[in-house]
Amino acid sequence: DSSGVLWRLARVYVCMADVAPVEQQIDLYRHAEEYAQRCIHADSSISEGHAWRAAALGNIAMSEGGKTKVNLTHVIKHELEAAIALDPGNDIAYSILGSFYLALGNVSWIERQLANIFLGSLPDGGYEEAEQALRKAIAIAPNVVRHHFELGRVYMEMDRAREAMKEFRLAISLPVQLGVDRHTQESAEQLMEEIKEE
């Protein structure tokens with residue numbers, strides 16, 4: 001029941017899920033969320049518990065229906081805000097927040113209006129907030145592959161191809177720290193090719 005062990009178990013399960021076969025991922029993310037929740041119950045002042053719960057829920061949300069997905073956006077945002085308030089140096093929380101705002105930026109005005117009518121309101125935010133969060137993550141931890149890759153994706157959506165290429169090159173050049181980093185670097189190479197073709 002050590003809170004320090006529990007958040008690390010949540011991280012382990014998220015990392016395992018990231019590289020697991022697709023059919024196994026959701027169960028692993030659910031285990032991660034369970035350990036993160038247990039950490040928060042044991043000691044709600046630990047930033048990592050909130051950050052890794054948000055990471056797990058963000059991945060779980062992808063497989064849920066519309067109403068559950070909308071409800072989870074509010075939980076995820078709350079957990080990330082808690083993680084950052086407890087530790088402003090938590091680069092993982094900022095990185096996930098950047099991905100969160102990137103996803104919101106990809107919701108069209110019509111989709112947002114329909115969600116507000118039928119499913120409940122979505123949080124505010126989009127590409128600009130995503131850029132700010134990811135630049136903060138990079139300022140804290142400049143050698144993390146994910147931070148640069150996600151910022152590159154944001155710049156692609158903002159039609160800032162040159163900046164996207166720079167971030168993807170950085171992501172590819174950095175040392176692999178997690179198993180998923182290799183996949184992320186391959187994705188960065190593919191996106192660079194797409195930019196070159198345009």
Asker: CD1 of Ile96 to NZ of Lys77: how many Å apart, nearest 0.5 Å?
Answerer: 15.5 Å

Asker: Show your working on ring pair (Phe, Tyr, Trp, His ring centres under 6.0 Å) between Tyr127 and Tyr101 and close with a plain yes or no.
Answerer: CA-CA 6 Å; Tyr127 300 138; Tyr101 281 126; over 10 Å; no

Asker: His50 versus Asn90: any side-chain heavy-atom pair under 4.5 Å?
Answerer: no

Asker: Given side chains that start at C-beta, do those of Thr73 and Phe100 come closer than 4.5 Å, heavy atoms only?
Answerer: yes

Asker: How many angstroms lie between atom CG of Leu102 and atom CE of Met158, to the nearest 0.5 angstrom?
Answerer: 10.5 Å

Asker: Do Glu167 and Leu170 touch side chain to side chain, with heavy atoms closer than 4.5 Å?
Answerer: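 Answer yes - side chains close enough.
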
Asker: Under a 4.0 Å N-O cut-off, is there an ion pair linking Lys196 with Glu193?
Answerer: yes

Asker: For Gln177, is the CD atom crowded, meaning more than 12 foreign heavy atoms sit under 6.0 Å from it?
Answerer: yes

Asker: Tabulate below the donor-acceptor pairs under 3.5 Å that side-chain atoms of residues 135-145 make, not counting sequence neighbours, or state none.
Answerer:
from, atom 1, to, atom 2, distance (Å)
Arg135, NH1, Tyr155, OH, 3.4

Asker: Determine whether a donor-acceptor pair (N or O, by modelled atom type, separation under 3.5 Å) exists between the side chain of Glu33 and the backbone of Leu57.
Answerer: no

Asker: Just jot down the side-chain hydrogen bond (donor to acceptor under 3.5 Å, both in side chains) partners of Glu48, sequence neighbours excluded, or say none.
Answerer: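 Here no residue qualifies.
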
Asker: Are His148 and Leu174 packed together at the side-chain level, in the sense that at least one heavy-atom pair is separated by less than 4.5 angstrom?
Answerer: yes

Asker: Less than 4.5 Å apart, side chain to side chain, heavy atoms only: is that true for Leu178 and Asp18?
Answerer: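 A side-chain contact under 4.5 Å is absent here.
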
Asker: Do NZ/NE/NH1/NH2 and the carboxylate oxygens of Glu150 and Arg153 come within less than 4.0 Å?
Answerer: yes

Asker: In the structure I gave you, are the side-chain heavy atoms of Val12 and Tyr35 within less than 4.5 Å of one another anywhere?
Answerer: no

Asker: Any side-chain heavy atom of Leu134 sitting closer than 4.5 Å to one from Tyr94?
Answerer: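 In short, these two side chains do not touch, never coming nearer than 4.5 Å.
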
Asker: Any side-chain heavy atom of Met62 within less than 4.5 Å of one from Gln25?
Answerer: no

Asker: Hey, could you give me the OG/CG distance between Ser95 and Leu151, rounded to the nearest 0.5 Å?
Answerer: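 Answer rounded to 0.5 Å: 9.5 Å.
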
Asker: Kindly assign one of parallel, tilted or perpendicular to the pair His31 and Tyr13, based on the angle between their ring planes and the thresholds 30° and 60°.
Answerer: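 It falls in the tilted class, 30° to 60°.
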
